[in-house]
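Worksheet: the structure to be examined is printed underneath.
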Protein chains: 2
Amino acid sequence: MKNRLKVLRAERDWSQAELAGRLDVSRQAVNAIETGKHDPSLPLAFRIARLFDMRIEDIFDDGESA
Amino acid sequence: MKNRLKVLRAERDWSQAELAGRLDVSRQAVNAIETGKHDPSLPLAFRIARLFDMRIEDIFDDGESA
DNA sequence: ACACAAAGTCAGGTGTGCTTGACATAGTCA
DNA sequence: TGACTATGTCAAGCACACCTGACTTTGTGT
């Protein structure tokens with residue numbers, strides 16, 4: 001599952017630790033999602049989408065055509 | 001995490017087993033999601049949204065105000 | 001009463017999302 | 001050089017998302 005977390009974070013000039021704090025998860029969890037090691041849980045995906053005021057589908061991409 | 005799976009399924013007159021087949025998961029997985037015992041993984045949430053041609057946020061509700 | 005389909009549930013197992021704590025590396029700056 | 005920040009990574013552990021297989025319950029129809 002690809003995602004735009006790193007870009008969205010860079011646009012706001014946040015560190016991984018700063019983003020982790022805003023999402024109430026560990027810094028390692030943010031890193032693992034950004035580097036593609038894990039997909040977030042659905043509740044965490046909701047928190048991420050809400051934080052950036054976007055839809056989940058606009059942040060994450062599971063690669064299926066349509 | 002609340003969801004509208006049961007209603008969407010009823011609108012199409014599908015059994016849990018039929019929906020499970022279309023999502024490529026077990027019947028018990030569908031049942032657990034409908035009865036609120038589990039949240040789906042993000043990839044499964046994407047498959048569900050795609051199957052019903054809706055956004056994830058229109059099917060699932062994590063209860064946060066905005 | 002009987003058969004059947006759908007739904008719900010349980011046990012036992014596997015894989016993963018997330019945790020804390022620790023450590024390595026690279027970049028910046030006094 | 002030495003201190004500090006950001007990032008990446010590892011290990012060990014916990015909780016949960018899924019699995020198969022089996023069983024019970026409920027509703028429908030003969």
Side-chain angles (χ1 to χ4, degrees):
Chain A
M1 177 88 65
K2 292 179 181 176
N3 69 75
R4 305 210 305 126
L5 260 195
K6 191 168 186 171
V7 171
L8 294 171
R9 186 168 61 79
E11 287 173 355
R12 286 153 184 80
D13 199 26
W14 291 341
S15 68
Q16 290 182 351
E18 166 103 26
L19 175 56
R22 291 175 184 266
L23 293 172
D24 196 29
V25 294
S26 67
R27 181 183 65 85
Q28 289 87 337
V30 168
N31 184 277
I33 293 168
E34 280 195 5
T35 56
K37 291 187 178 55
H38 291 308
D39 295 326
S41 66
L42 187 54
L44 178 51
F46 265 86
R47 297 208 297 279
I48 292 169
R50 192 118 45 206
L51 178 60
F52 291 113
D53 196 26
M54 299 176 70
R55 290 176 297 168
I56 289 174
E57 288 90 343
D58 290 334
I59 300 177
F60 297 93
D61 174 14
D62 67 345
E64 302 295 327
S65 48
Chain B
M1 176 90 66
K2 292 179 182 177
N3 69 74
R4 306 210 304 126
L5 261 196
K6 192 169 186 170
V7 170
L8 294 171
R9 187 169 61 77
E11 287 173 354
R12 287 154 185 80
D13 199 25
W14 290 342
S15 67
Q16 289 183 350
E18 166 102 25
L19 175 56
R22 290 175 185 267
L23 293 171
D24 197 28
V25 294
S26 68
R27 180 182 66 85
Q28 288 88 339
V30 168
N31 185 274
I33 293 168
E34 281 195 4
T35 56
K37 291 186 178 57
H38 291 309
D39 294 328
S41 66
L42 187 55
L44 178 52
F46 264 86
R47 298 208 298 280
I48 292 170
R50 191 118 47 205
L51 178 60
F52 291 113
D53 197 25
M54 298 176 70
R55 290 176 296 168
I56 290 173
E57 287 89 346
D58 291 334
I59 301 178
F60 298 92
D61 175 15
D62 68 344
E64 301 296 327
S65 48

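As the structure is a computational prediction, the values presented were derived from the model and not from experiment. Naming: A, B, ... by sequence-line order, numbering from 1 per chain.
Between A:Arg22 and A:Arg47, the closest side-chain pair of non-hydrogen atoms is not below 4.5 Å. Side chains of B:Leu8 and B:Asn3 form no contact here, defined as non-hydrogen atoms less than 4.5 Å apart. With contacts defined as side-chain heavy-atom distances shorter than 4.5 Å, the pair A:Leu42/B:Ile56 qualifies.
Residue A:Ser26 is in base contact, counting any heavy-atom pair closer than 4.0 Å across all strands shown.
The pair B:Arg12-B:Glu18 fails the salt-bridge criterion, with no side-chain N (NZ, NE, NH1 or NH2) lying under 4.0 Å from an Asp/Glu carboxylate O.
For the pair A:Lys6 and D:dG8, the criterion of a side-chain N or O lying under 4.0 Å from OP1 or OP2 is met. Of the side-chain N and O atoms in B:Asn31, one or more sit less than 4.0 angstrom from OP1 or OP2 of C:dG8. Distances shorter than 4.0 Å separate some side-chain N or O of A:Ser41 from OP1 or OP2 on C:dC18.
Ranking D:dA17, C:dA7, D:dC10 by closeness to the B:Arg9 side chain, first place goes to C:dA7. Of the candidate nucleotides C:dT19, C:dT16, C:dT9, C:dT19 has the atom nearest to the side chain of A:Val25. Checked against D:dC18, C:dT9, D:dT9, the side chain of B:Ile33 finds its nearest nucleotide in D:dC18.
The nearest whole Å value for the distance from the CG atom in B:Asp24 to the P atom in D:dT20 is 10 Å. A:Leu19 places its CG atom 12 Å from the P atom of D:dG8, with the value rounded to the nearest Å. Taking atom NE2 of A:His38 as the reference point, atom C1' of D:dT9 lies 12 Å away to the nearest angstrom. Regarding B:Gln16, its CD atom lies at a distance of 16 Å from the C1' atom of D:dC19, rounded to whole Å. Nucleotide D:dA15 holds its P atom 19 Å from the CG atom of A:Leu44, rounded to whole Å. When rounded to the nearest whole Å, the span between CE of A:Met1 and C1' of C:dT16 equals 13 Å. In this structure, A:Leu5 atom CG and D:dG8 atom P are separated by 12 Å, rounded to whole Å. Taking atom CD1 of B:Ile48 as the reference point, atom P of D:dA17 lies 12 Å away to the nearest angstrom.
The base of C:dG21 sits with one of its N or O atoms less than 3.5 Å from a complementary donor or acceptor on the side chain of A:Gln28.
Toward the 5' end of DNA chain C, the nearer of the two residues A:Pro40 and B:Ala32, judged by each one's closest nucleotide, is B:Ala32. Toward the 5' end of DNA chain D, the nearer of the two residues B:Arg27 and B:Leu42, judged by each one's closest nucleotide, is B:Leu42.
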_Pair B:Phe52-B:Arg4, side chain to side chain contact (heavy atoms under 4.5 Å, CB included): steps then yes or no_ = CA-CA 11 Å; B:Phe52 291 113; B:Arg4 306 210 304 126; over 6 Å; no
